[in-house]
Amino acid sequence: MTVVTNHGEGPPKIPVLLGENPGMATERYNPRASEPRWQKAWEEARLFETRNDDGRPTYYVLEMFPYPSGRIHIGHTRNYTMGDVVARYKRAKGFSVLHPMGWDAFGLPAENAAIQNKVHPKAWTYENIATMRSQLKMMGLSIDWAREFATCDVDYYHRQQMLFIDFYEKGLVTRKTSKVNWDPVDQTVLANEQVIDGRGWRSGALVEQRELAQWFFKITDYAEDLLQAIDSLENWPDKVRTMQRNWIGRSEGLSIRWALVESTAPAGESRLEVYTTRPDTIFGASFMAVAPDHPLARKAAEGNAKLAAFIEECRRIGTSAAVLETAEKKGFDTGIRVKHPFDPSWTLPVYVANFVLMEYGTGAIFGCPSGDQRDLDFANKYGLPVIPVVMPEGADAATFQITEESYSDDGVMINSRFLDGLTNKQAFEEVANRLEQEMLDGRPVAERKVNFRLRDWGVSRQRYWGCPIPMIHCDACGIVPVPKQDLPVVLPEDVDFDKPGNPLDRHPTWRNVKCPKCGADARRETDTMDTFVDSSWYFARFTSPHSDDPVERGAANRWLPVDQYIGGVEHAILHLLYSRFFIRGMRDTGHLDLAEPFKGLFTQGMVVHETYRSEDGRWLQPSEVRIESAGGERRAYEIATGKEVAIGPLEKMSKSKKNTVSPEEITESFGADTARWFMLSDSPPERDVEWTDDGAAGAHRFVQRVWRLVTEVAPAIEGVAPKASGEGNAAAISKPAHKALKAVGEDIERLAFNRAIARIHELVNELQGPFAALASADAATRAAAREATEILIHLIAPYMPHLAEECWARIGGNGLVAASRWPDYDPELVVDNLIVLPVQINGKKRGDLTIAREADQAAVEKAVLELDFVQKALNGALPRKVIVVPQRIVNVVA
RNA sequence: GCGGACGUGGCGGAACCGGUAGACGCAAGGGACUUAAAAUCCCUCGGGCCUUGCCCGUGCGGGUUCGAUCCCCGCCGUCCGCACCA
């Protein structure tokens, strides 16, 4: 046998692998010997290193890069396998494919490890990266490792500091004092997005509110654009697009200033500005409510101890979101009153209320109880009037009442003076138009205003292991950016973690610097950047990972946007929104020329496993448990003790519940190809997949089955020129092969990996019979078998690349499969001349009609009416109607 | 509360634009080969019945249609996201 490889080293040695069954004709495929050898062959041929000056059309496929926590998780493996299937397929289709890998390497766990194990965060991180890199390499991923970097590499964060300064100079970075979310366990500030149910996203600690000076990215400058552009992201899941829309939270309304009644107003206060999306309900107003930390509330509290106490109580409860969820709506009457903008004689009370948020709108509202359930509950509690102002169309204005349930839908205006009879939409316009004309203090009483829920992105973190913010505080000059020639600001390595807080804060030589402007003594900013900054542009850096500039503009424009991005849905808001902002920022600072980083997005499901728990409450690993099934019932026993253990529900693999299977366990027992195949079979990629031993064994059986099929057919097709045929015995081989070739290609394009796998199974089933009879077959059939075998190998190659190479070598194929073109299907072979049409009578299938493909409607109708079971059903009568759907079905209506 | 997705055999799931419901795999049962096991191969596998064939069946109840897993209306259930957003 001659095997030619394209890296000029002669034939790889194929060991004769005798299985555990000496004497049998067929050898077992041995992945442990085969997989490392092919990985080496690919590496030596440098097949996956991508050049920026390659003239072919580009395709950028990327999986979200991992955090180097220590070990690769099986969930990572599924994620990277999906990307790898796409990468290998697109490469075979003739694209220049960029498929890189890197490490999201800054972050808290490294510091926690430093505190707990006295190991430096840097050492810990790079050791983890080394381990995980070798784990990934075992999976046979077609990654361009020449572009690898970690975000904690000085080379990377140096460029991030350059971007920070560019953004600062462009006005996209600001420093402001604001109430921030403080995580008392991690001792750092969190962005709103990192607070989940009132708890830190990483520590799980209840978040406190603190006033701090912080660095912010002005993501709100792009709120409208980020929202509008969601419509253009056609290859994103609707779910993610909706989540982003809601997160940005655009609303159109009116900002209205109400005059305070002078005799009731605190000194120096005369106006109260509120934001409303329902100005149409202004005649239903019965109270005003301000947030506990609204300036007016604070003023009013100065001379009112009870009010001050109430505000204090709100603030205390306000920090605990768990309480907040069930918290009762409470208010406190300040005694201040406001005048209604359309009727100065009508005054309303001003309450401080615990449900009004200072962060949204103006921190003040007018309450319209009839149109808002929360306002209604509040009014009922404090005995405030409830005036219905909008009623459903057709209701009777005289009798329409609101008591326990508010009416917030569209309708007709009532009890609203000049608005009566209008729709609420018309009333909105009328109120807005009138109040825009009305003047107060020389300005209009009201202005139309678009409000966003989106807040600016606070990026300051009081932590060591992150990208230093390249800023200097000088008493004389204020805030001075580090000059670009002085970059990078390198993280000092001589730090200790003995005390809580940020070690940079107490690093004497690093922290104290001269002001770059005036030369006086100054202090470095000791905050580091949120790690979400690191991940907001790494995909752009991959296009030119060694560039002195953050990105090489030509390369970024050439490769971006990422054609297919794959990752977990947990990043639907944070990472994806930040990245969309960041690329806009990079565009506006001249680094590249696009707005959207990710053209296609796919959110994959998790790998789950059932859990096992012993009688005394210990979680057990799958490897510690023996499963027995009898009579359809499964029972689990702890191997060490023999005692029965409880089988729990499917859950995401986690260390705490021990329901994990490591990638090594799988590769050692079955090989990487089996793991890759199994993780993509059965479940659709967007759903969770359950890892089961039976399933993995089943996948391995298929690996062996393909190997057996190829090794058994090899002698009959050796040296035969491949040629498909639609005639005679050969057709039974060529037709299924070409149909599968077409279907599998289409399925991979749609990321329907599970369907592609089903088609490959079908093809193997269909080839089995004809291949077994090949010894006595004619030349045309052998040529077809050769061609079909080559097709089969190409079809499995994206999924099981090592097995594909081994099979390819066995049939004497040229070069490496990984370097060869995806075959083209023959359109002639994927259609049949005779088709089988199902025949229905009154919508129920009663039989089939086999007829020439090109038969016209009349011919089909005639043939159908001659069928026995049709005549029997019609019983001599004429059909009322015959519906012929070309190429699909016939329905006879009796 | 608001928004989104989903509901199909014992299980994971197919079914492309309204056109044969259950592809493919797993599990299970039966058989062949074997001294035996493993491996492999073959058969059965939604339910029911008067079993050459017929009836029922895609969470439930209606509707549209020659024809509905798919579209419409009303429920029930599960999961996910946001959540006092004015």
Side-chain angles (χ1 to χ4, degrees), chain A residues 19-21 24 26 28 196-197 237-247 249 251 253 274-278 281 289 318 321 324-325 327-329 353-357 359-368 371-375 377-378 408 451-453 569-570 572-573 629 631-634 678 681-684 686-690 692 694-699 701-702 704-705 708 743 746-747 750 752 754-762 764-765 768 772 836-848 869 879-885 887-894:
Chain A
E20 302 77 44
N21 49 348
M24 292 284 289
T26 315
R28 303 264 303 160
I196 295 148
D197 292 337
D238 286 342
K239 177 192 171 78
V240 174
R241 297 208 285 173
T242 305
M243 282 165 71
Q244 291 220 347
R245 271 190 206 103
N246 292 342
W247 189 265
S251 68
V274 306
Y275 176 73
T276 180
T277 56
R278 294 295 302 272
T281 64
L324 196 140
E325 262 179 49
E328 200 185 344
K329 315 272 172 281
N354 64 351
F355 61 86
V356 180
L357 305 174
E359 296 80 43
Y360 188 81
T362 61
I365 60 161
F366 78 76
C368 173
D372 183 296
Q373 191 60 42
R374 192 192 47 204
D375 293 349
D377 294 343
F378 191 82
S408 57
N451 223 325
F452 293 95
R453 208 189 76 113
V569 73
E570 65 272 21
I573 297 172
S629 54
E633 208 176 327
R634 297 172 70 247
F678 173 59
S681 57
D682 288 4
S683 291
E686 67 276 13
R687 287 202 213 163
D688 292 348
V689 63
E690 183 194 357
T692 61
D694 282 338
R701 266 202 301 279
F702 186 72
Q704 296 297 351
R705 196 172 164 209
R708 212 180 316 119
E746 288 167 355
D747 284 336
R750 278 184 288 179
N754 56 323
R755 285 192 292 189
I757 283 177
R759 296 306 305 248
I760 295 171
H761 270 285
E762 275 180 343
V764 169
N765 290 343
Q768 196 98 6
V836 179
L837 284 179
V839 178
Q840 296 180 327
I841 292 165
N842 293 330
K844 293 210 155 96
K845 193 200 165 193
R846 286 292 180 262
D848 294 314
F869 63 89
R880 282 205 288 154
K881 211 195 247 183
V882 178
I883 291 151
V884 178
V885 184
Q887 317 291 321
R888 288 238 106 138
I889 204 165
V890 182
N891 190 13
V892 179
V893 186

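Not measured: the values here are computed from a predicted model.
Taking atom CD on A:E359 and atom C1' on B:rC82, their separation rounds to 16 Å, with Å as the unit. Separating the CG atom of A:N842 from the C1' atom of B:rC54 is a distance of 15 Å, rounded to the nearest angstrom. Protein atom CG of A:D377 is 13 Å distant from nucleotide atom P of B:rG1, rounded to whole Å. Atom pair A:F678:CZ and B:rG13:P shows a separation of 12 Å (rounding to whole Å applied). Rounded to an integer number of Å, the gap from OH of A:Y275 to C1' of B:rC85 is 9 Å. Across the protein-nucleic acid pair, A:D238 atom CG and B:rG81 atom C1' stand 14 Å apart, rounded to whole Å.
Each of B:rA86, B:rC24, B:rC66 was ranked by its minimum atom distance to the side chain of A:H761; first place goes to B:rC24. Distances were taken from every side-chain heavy atom of A:I573 (C-beta onward) to each of B:rA86, B:rC41, B:rC82; the shortest belongs to B:rC82. Between B:rG12, B:rC24, B:rC85, one nucleotide has an atom nearer to the side chain of A:S683 than all others, and that is B:rG12. Nearest to the side-chain atoms of A:D694 among the listed nucleotides B:rU20, B:rG12, B:rC26 stands B:rC26. The side chain of A:I883 approaches B:rG19 more closely than any other nucleotide in the set B:rG13, B:rG19, B:rA86. Nearest to the side-chain atoms of A:V356 among the listed nucleotides B:rA14, B:rA86, B:rG19 stands B:rA86. When each of B:rC85, B:rU40, B:rC82 is scored by its nearest atom to the side-chain atoms of A:W247, the top-ranked nucleotide is B:rC82. The side chain of A:R28 lies closest to B:rA39, out of B:rA86, B:rA39, B:rG19. When distances run from any side-chain atom of A:I365 to the nucleotides B:rA86, B:rG25, B:rU40, the shortest one goes to B:rA86. Listed nucleotides B:rA14, B:rG19, B:rC41 differ in distance to A:P684; the shortest reach to its side chain belongs to B:rA14.
Nucleic acid contact class of A:R374 (heavy atoms, under 4.0 Å, all strands): base. Counting any heavy atom pair closer than 4.0 Å across all strands shown, A:V839 reaches no nucleic acid atom. Across all strands shown, A:K845 has heavy atoms under 4.0 Å from base atoms, whether or not it also approaches the sugar-phosphate. When heavy atoms are screened at a 4.0 angstrom cut-off, A:R846 is found touching the sugar-phosphate backbone but no base atom. Among the protein residues, A:D375 comes within range of no part of the nucleic acid, since none of its heavy atoms lies under 4.0 Å from any strand. At a threshold of 4.0 angstrom between heavy atoms, the contacts of A:R687 are confined to the sugar-phosphate backbone, with no base atom among them. A:E762 comes within contact range of the sugar-phosphate backbone alone, with a heavy-atom separation under 4.0 Å but no base atom that close. Residue contacts shown for A:R701 are limited to sugar-phosphate atoms, with no base heavy atom under 4.0 Å away. Residue contacts shown for A:T242 are limited to sugar-phosphate atoms, with no base heavy atom under 4.0 Å away.
Annotation: the span from A:D372 atom CG to A:T281 atom OG1 amounts to 8.5 Å, rounded to 0.5 Å. A:F678 CZ to A:T692 OG1: the interatomic distance, rounded to the nearest 0.5 Å, is 4.0 Å. We find the CZ-OH distance between A:F452 and A:Y360 to be 9.5 Å, quoted to the nearest 0.5 Å. Of the inter-residue distances, the one linking A:E686 atom CD with A:N754 atom CG reads 7.5 Å to the nearest 0.5 angstrom.
Within the 4.0 Å cut-off from OP1 or OP2 of B:rA5, not a single side-chain nitrogen or oxygen of A:K239 is found. Side-chain nitrogen and oxygen atoms of A:R453 include at least one within less than 4.0 Å of the OP1 or OP2 phosphate oxygen of B:rA83. Checking the phosphate oxygens (OP1, OP2) of B:rA86, a side-chain nitrogen or oxygen of A:Y360 falls inside 4.0 Å. Close to B:rC56, at under 4.0 Å from its OP1 or OP2, lies a side-chain N or O of A:K844.
In B:rU52 the base sits anti relative to the sugar, since the glycosidic angle is further than 90° from 0. Anti is the glycosidic conformation of B:rC79, whose angle departs from 0 by more than 90°. In this structure, B:rG59 is classed as anti because its glycosidic torsion departs from zero by more than 90°.
The aromatic rings of A:F378 and A:F355 lie perpendicular to each other, with more than 60° between the two planes, well past the 30° mark.
Residue order along RNA chain B, read from the 5' end via each residue's closest nucleotide, puts A:V689 first among A:N765 and A:V689. Residues A:N246 and A:T362 both approach RNA chain B. Their nearest nucleotides, taken by heavy-atom distance, put A:N246 toward the 5′ side.
B:rC82 and B:rG29 are spaced 46 Å apart, taking the P atom of each and rounding to whole Å. B:rC6 and B:rG30: their P atoms are spaced 40 Å apart (whole Å). Using C1' as the reference atom, B:rC55 and B:rC11 are 27 Å apart when rounded to the nearest Å. As rounded to the nearest Å, B:rA14 and B:rG63 have P atoms that lie 31 Å from one another.
Base pairing annotation: B:rU40 forms a Watson-Crick or G-U wobble pair with B:rA32, both donor-acceptor distances under 3.5 Å. Nucleotide B:rC71 forms a Watson-Crick or G-U wobble pair with B:rG63, both donor-acceptor distances falling under 3.5 Å.
When each of A:N842, A:V893, A:V892 is checked for a side-chain contact (heavy atoms from CB on, under 4.5 Å) with A:P879, only A:V892 meets the rule.
Between A:R241 and A:D238 there is a salt bridge, with a side-chain nitrogen of the basic residue lying less than 4.0 Å from a carboxylate oxygen of the acidic one.
Under the rule for a side-chain hydrogen bond (donor to acceptor under 3.5 Å, both in side chains), the partners of A:E762 that lie at least two apart in sequence or sit in another chain are A:R759.
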